[in-house]
Amino acid sequence: MPKPAPRSGKALCLDLDMFILCDLRELFSLSLQDKIAAVAESLHIHAMGFNFGFVLFNVQEWRAQNLQAQSIAFLQTNNPKFSEQDTLNAMIPKSF
């Protein structure tokens with residue numbers, strides 16, 4: 001994960017095929033408290049966890065929990081089918 005600007009303390013990650021039809025600034029006013037991220041649940045019947053196509057990260061929690069290093073270690077020891085999706089679902093607790 002690249003180092004985001006510290007302005008809001010949040011980073012929004014969207015899939016390339018997302019269409020944005022509203023003002024996204026409202027998302028950045030969400031209080032994430034001590035949660036790592038606000039996510040969209042996966043609607044796929046075989047998927048477990050959340051959909052990586054729309055994630056608002058709490059940068060402070062991401063850094064505090066050292067998730068970048070943990071994610072890299074996970075990728076080095078596993079061969080996930082969907083690298084970002086599977087890695088983040090493994091790293092981020094189900095309480096989001």
Side-chain angles (χ1 to χ4, degrees):
M1 179 174 171
K3 293 183 180 180
R7 194 168 157 197
S8 73
K10 297 174 183 143
L12 182 61
C13 183
L14 300 172
D15 270 351
L16 184 61
D17 60 355
M18 295 286 290
F19 287 98
I20 308 303
L21 303 173
C22 62
D23 188 344
L24 291 175
R25 288 179 288 185
E26 186 176 335
L27 287 174
F28 288 89
S29 68
L30 289 175
S31 173
L32 298 178
Q33 299 171 343
D34 61 348
K35 303 290 186 205
I36 297 167
V39 301
E41 266 190 89
S42 180
L43 298 177
H44 192 275
I45 193 165
H46 299 291
M48 304 273 277
F50 64 88
N51 184 330
F52 183 67
F54 189 97
V55 182
L56 180 65
F57 287 101
N58 179 339
V59 175
Q60 184 176 1
E61 278 301 310
W62 176 272
R63 289 179 178 151
Q65 296 188 33
N66 197 26
L67 288 175
Q68 183 165 342
Q70 290 183 49
S71 297
I72 291 169
F74 179 86
L75 284 166
Q76 290 172 336
T77 58
N78 297 280
N79 187 20
K81 183 175 180 178
F82 303 105
S83 57
E84 298 96 347
Q85 176 95 14
D86 295 342
T87 300
L88 290 174
N89 272 288
M91 296 296 103
I92 297 176
K94 298 301 180 217
S95 63
F96 312 128

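This chain uses plain numbering: 1 for the first residue, then up along the sequence.
When Leu32, Leu67, Ile92, Val39 are each tested for a side chain to side chain contact (heavy atoms under 4.5 Å, CB included) with Phe57, only one passes: Ile92.
Between Met91 and Ser71 the shortest heavy-atom distance is CG-OG, 3.5 Å. Nearest heavy atom pair, residue Ile36 against residue Gln65, reads CD1-OE1, 3.4 Å. Residue Ala37 comes nearest to Val55 through the heavy atom pair CB-CG1, 3.8 Å, listed as atom of the first residue, atom of the second, then distance.
Annotation: side chain of Ser83 is not in contact with side chain of Phe52 (no heavy-atom distance under 4.5 Å).
A donor-acceptor contact shorter than 3.5 Å links the side chain of Asp23 to the backbone of Arg25. The closest donor-acceptor contact from the side chain of Gln85 to the backbone of Phe50 lies under 3.5 Å. Of the possible donor and acceptor atoms, one in the side chain of Asn58 sits under 3.5 Å from a partner among the backbone N and O of Gln33.
Annotation: Gln70, atom CD; neighbour count of heavy atoms from other residues, nucleotides and ligands within 6.0 Å is above 12.
In this structure Leu27 satisfies the side-chain contact (heavy atoms from CB on, under 4.5 Å) test together with Leu12, Leu24, Leu30, Phe54, Leu56, sequence neighbours excluded.
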